[in-house]
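A quick write-up on the structure given underneath.
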Amino acid sequence: MKIQEADAKSLLLAQGLPVPAWDVARTAADARAAATRILADGNDKVVVKAQVLVGGRGKAGGVRLAGSADEAEAVAAAILALTIKGIPVRKVLVAPAADIAREYYLGAILDRASRRIVVMASAEGGVEIEEVARVRPEAIHRVAAHPHLGLLDWQARQLAFGIGLGGPFLRDFVSIARGLVATMVAYDADLVEVNPLAIVRESDGTGAATTERLVCLDAKITLDDSALPRHPELEALRDPDSEDPADAEARAMGIAFIHLDGSIGCMVNGAGLAMTTMDLVKRAGGEPANFLDIGGGARSDKVAAAMRLILADPKVRAILVNIFGGITRGDEVARGLIEARAVQERDVPMVVRIVGTNAEEAGRLLTEARFETAASLDEAAAKAVAAAAAVGS
Amino acid sequence: MKIQEADAKSLLLAQGLPVPAWDVARTAADARAAATRILADGNDKVVVKAQVLVGGRGKAGGVRLAGSADEAEAVAAAILALTIKGIPVRKVLVAPAADIAREYYLGAILDRASRRIVVMASAEGGVEIEEVARVRPEAIHRVAAHPHLGLLDWQARQLAFGIGLGGPFLRDFVSIARGLVATMVAYDADLVEVNPLAIVRESDGTGAATTERLVCLDAKITLDDSALPRHPELEALRDPDSEDPADAEARAMGIAFIHLDGSIGCMVNGAGLAMTTMDLVKRAGGEPANFLDIGGGARSDKVAAAMRLILADPKVRAILVNIFGGITRGDEVARGLIEARAVQERDVPMVVRIVGTNAEEAGRLLTEARFETAASLDEAAAKAVAAAAAVGS
Amino acid sequence: MSILVGRETRLVVQGITGREGEFHTRQMVEYGTPVVAGVTPNKGGQTAVDGRVPVFDTVAEAVAATGANTSCIYVPAAGAPDAVLEAVGAGIGTIFCITEGVPALDMLKVVEVVREAGARLIGPNCPGATSPGRAKVGIIPGSIHREGRVGVVSRSGTLTYEAVQAMTDAGLGQSTCVGIGGDPIIGTTFLDVLKLFAEDDETEAIVLIGEIGGSAEEEAAAWAADHLNGVPMAAFIAGRTAPEGKRMGHAGAIISGGSGTAADKIAALEAAGIRVADSPTELPTILRTAGFRG
Amino acid sequence: MSILVGRETRLVVQGITGREGEFHTRQMVEYGTPVVAGVTPNKGGQTAVDGRVPVFDTVAEAVAATGANTSCIYVPAAGAPDAVLEAVGAGIGTIFCITEGVPALDMLKVVEVVREAGARLIGPNCPGATSPGRAKVGIIPGSIHREGRVGVVSRSGTLTYEAVQAMTDAGLGQSTCVGIGGDPIIGTTFLDVLKLFAEDDETEAIVLIGEIGGSAEEEAAAWAADHLNGVPMAAFIAGRTAPEGKRMGHAGAIISGGSGTAADKIAALEAAGIRVADSPTELPTILRTAGFRG
């Protein structure tokens, strides 16, 4: 689960990391009020940032500076009117614009290949780290945290010296790097990223002296969905604006559902088989309308819910049901399909393929109820594409 | 550092372990007040327990029951008048007397040989575990906690089944056993012991129903002195009543000092050499008056302080100084001795042996100042014993 | 021979008295797997599957009483890491963790302990393994198998069944079919299983079923290029049509930063000389074309 | 040969710019120890000991630049566990931790990591080791040694010097003298050092200096009885007069529950055929009586 920058910053702050203050505003007027407070505190400028769970918001005009309350209001209004990569902006973060002396990248990720938490740092912060990784991989320094002891001080120091961040900032860097891993562990994150980690100049208020400080200027955290049950408080950070209402319904039912642009609705048990079904629909000349995994051992009510999710999409012209029964009993699915069709409002052609556990009983039920069936997945895909084409023509 | 039962219980409670409520009283009147409250809460009896840092307080009459406020006051007065193994009782713990259904032993210790935290459990609780270990070693079940992950659930379950504490108490036992190790880690203890861990019967208040519950009825914790600097809050748990005033002064100076019963004061650098010096004094027919280790690199002020500690004991009739200079510079020690003798009030014969770093300069200074010196430790011990005998005669 | 499970398997089922544990233990017993014990704390002394399997309080007791050498875990996610650690502590050499939904950071520590102990963990969130005609451990339906000489390894659940069924339908039996699980942190990787197949004298051809996300298929392909020359191989990768940046059902299927796509994986496999099927049904043909006569 | 330190030693000193680090590095250099590098974070690029030792920010850099294979740690207690772990991480094979006052539970984790990595830690709270005429690492005064064939191992600091001096005064030189440290949790035990001495062709007699507390002397005695038959050995145990239940200076010397007393240890050593001296000065005589002609 991805969470918003502002929420990620809250988690870092709770772990004791240095994050400059911020406000979150849902309206231009709230943004103006926040900016007024910040400017009254002696800051020259504020930054207004779109809170959306997609990358590239800077390029999309979602991050802008303002030097007055009027300007902050106008900028916030403009950003709140944006839709970035299909996601409407509903909130902005308002913060003092930092006086940045130097930017770095620091990130902790769960690395599958090494089965370690890997901490990466680069002196080339503030830009897309994937781009740095592609162009100048040697500019990224990595260490693998100890599986039991986490990131050790010496590892953090090694990163610091690697990116030229020794001297007066060494101690703070070590504490921030360890804090990233501690944050990861505390909340079961699979990614905690600070980009930029920045040396910022701060005046002492009188303007007489300027000090430099290492702070987390941006924050990105992705949480491990499997661990959410033991962090119930984090469920509140789920961003409802960033997902389809259908996704929320699916999640409540324990169904994995992703809405796509095609016309052939898919209902499958198992993620790998669901992707394979989509691939074969495409191969047969069709376009899948969704990814849908009803999971293992699904009963008829779940089948009915899955059917509602699929039919809620008006673009769906045919439905392909592909069930390989293991834990899942084919006859249960067949009954669910029969019940669902009895109450459904739209009549959409359906091709059903059920093999494995109790497949014979399923076949009998489906034939009796006059469902179109298929023996193989290839055949099912072809029939579904043909049915959709027939409806579409 | 050993801490009192009441403090040990506070630490267990802070880690979420089930410990029945208690009060601490320094006077019989306070004990009466505590007993009055406890009896008013519907308890039939209270237990009054001496708070001293030595074992065997039960046999010494330091643990007694009382059925009324009057009796509690009388019992507390009697216990507060006791001196147990040389330690006067200054505080008592007052608690509801538990209705014990069954007693167990549970302890976590730092085991040097295996270099693990070892958790031990026995169905024979409430008695001296050393006695159980001697007589029926098979009655003690042990597991070694994982060095990084601590005590695992399955290990705690294994102990529980080992001592016949499965069934309804399994979950609580697992949580208590893990809590013991967590307490150890949280406070850098080298021993955390609950004896007895008891199943107690508790009435629901109306007297209609009785439930059984697993609770920590006694608690013993020893802290790792090396780790105290990172737990400054635990320094407050040091029991000033249990130590010699001289010990406190020595600790403040960074000197390891233990007061003994003999007549020959010893000043040595290094614990092993200090014990050896004591052993050789004894072998030469004398009795050491103390163990004293001035540590490595001691300067003249520390030497002077060590001399004061030794001379504060009126039984001291001779002093043996034995320094093997490594980090410690012999000339520094010699200067300290000369300064100390200049201001000391009692004139006690002294034998000094200094070898190692700057021993020649030390020898020159000591000879000039007319100190009695010795070349070998054996010789020094013999001379000190002879000097003490001469004084004593 | 066969790998991971076989004639020498003596299975203990952890979580045997739960709904899943009971159901699948019955399936395993009926398949002929030597299920020698079950473990559920506080149910020691009972029996499961109509009195055919004794239940113990701890794995250590089960091992002591029955000589169990392999474990299959059905306990809920919150207890699964501890169940794996208990199996390791009791000296079990091969541990299948069927449980899904185990937090990845827990598995990080668990796989480290497994590694230190020299044990082998398959999963979590895996369907298990079957050596047809000998033993099946986990939840793969026994009916889809046929005895033979193709080794099948897969990250998926039902997609594995699909591939196995395709082999069986085409008359190609299997030596062992292994589902390694699709979670980010798993005990046994494609590469590990390929190494086992390479040393197994009954495995003469290999089918690898991957999916988008991670780089495990690429690593396996690189190793196969150097070490499995001459062994007929076929692969299938699910997720060609999956849009970038979306999670397809489980954490195994994330595309991050342009790597881990189906195209990348297919390219890596083809570069290693392993043909990639467009549909699972094509896998038998590829093996036969590669010279397999099984 | 010699053990732990010798001609092949290339030493890096961690905490070289501290007061203790600087002082003892000078002593080691003057003794002839090949001190190739020092490490103090943020002081990389400087030099120590009158420009004779280059200083690096990290141990990894020091190893890369100088080929250091042995480390000696003088950093304060709060940083000592991390210093050991850094040495392990940089591939150092032999690590001496001189620092005292390191919490025992920290060492529990550290010794586990050292073990996993296959490295060797001596200490903490140890005086180091000297192979006379070759190299000395730590804080043992160089002047007390003499080249020869007696291996000395001890839990104490200055008591070690006393014993070594006694040997030297009696004309018995040493192959290597090792102080293993008196803390409850240490990296290398008496037993470990005895095994090294047993394999060292230059060590022909062994002196063991123990003290009350723990059971390390008993374990060493039991092993020696089986494996060091014919090797002349002598021992000394400090603390015969120590009262029960009192800590004598450091955590190493606790008597708990009747075991770990001087009497127990002496009995165990004598039972293993090792004579125990009443004073360190008697050690040479015991060795000679046992047939040592060194």
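Below, chain A is the first sequence line, B the second, and so on; all start at residue 1.
- Distance CD/E211(C) to CE/M275(A): 4.0 Å, rounded to 0.5 Å.
- For I117(A), the parts sitting under 4.5 Å from any heavy atom of chain C are the backbone and the side chain alike.
- The residue among S279(C), P127(C), G157(C) with the most heavy atom pairs within less than 4.5 Å of chain A is S279(C).
- Contacts of V111(C) with chain A are made by side-chain atoms alone, with heavy-atom separations under 4.5 Å and no backbone atom involved.
- Atom CG of L280(A) and atom CD of E162(C) lie 8.5 Å apart (nearest 0.5 Å).
- For a residue to count as touching a neighbouring chain, one of its non-hydrogen atoms must lie under 4.5 Å from one of that chain's; by this rule A381(A) does not touch chain C.
- For a residue to count as touching a neighbouring chain, one of its non-hydrogen atoms must lie under 4.5 Å from one of that chain's; by this rule Q27(C) does not touch chain A.
- By number of non-hydrogen pairs under 4.5 angstrom with chain C, the leading residue of R230(A), K282(A), M184(A) is R230(A).
- Here the straight-line distance linking atom CG of D106(C) with atom CG of D188(A) works out to 6.5 Å at 0.5 Å rounding.
- Distance OH/Y161(C) to CG/N269(A): 8.5 Å, rounded to 0.5 Å.
- With rounding to the nearest 0.5 angstrom, the CZ atom of R115(C) is 9.0 Å from the CZ atom of R115(A).
- Comparing T276(A), V185(A), I255(A) by heavy-atom pairs within less than 4.5 Å of chain C, the highest count is held by T276(A).
- Using a 4.5 Å cut-off between heavy atoms, P141(C) contacts chain A through its side chain alone, with no backbone atom that close.
- For a residue to count as touching a neighbouring chain, one of its non-hydrogen atoms must lie under 4.5 Å from one of that chain's; by this rule A216(C) does not touch chain A.
- Heavy atoms of E100(C) lying under 4.5 Å from chain A are absent altogether.
- Using a 4.5 Å cut-off between heavy atoms, I237(C) touches chain A through its backbone atoms (N, CA, C, O) alone.
- Heavy atoms closer than 4.5 Å to chain A are found in the backbone of I186(C), but not in its side chain.
- Heavy atoms of P280(C) lying under 4.5 Å from chain A belong exclusively to its side chain.
- Annotation: side chain of E287(A) is not in contact with side chain of T241(C) (no heavy-atom distance under 4.5 Å).
- Only the side chain of I144(C) comes within less than 4.5 Å of a heavy atom in chain A; its backbone stays farther off.
- Atoms CG and OG, on N125(C) and S226(A) in that order, are 7.5 Å from each other to the nearest 0.5 Å.
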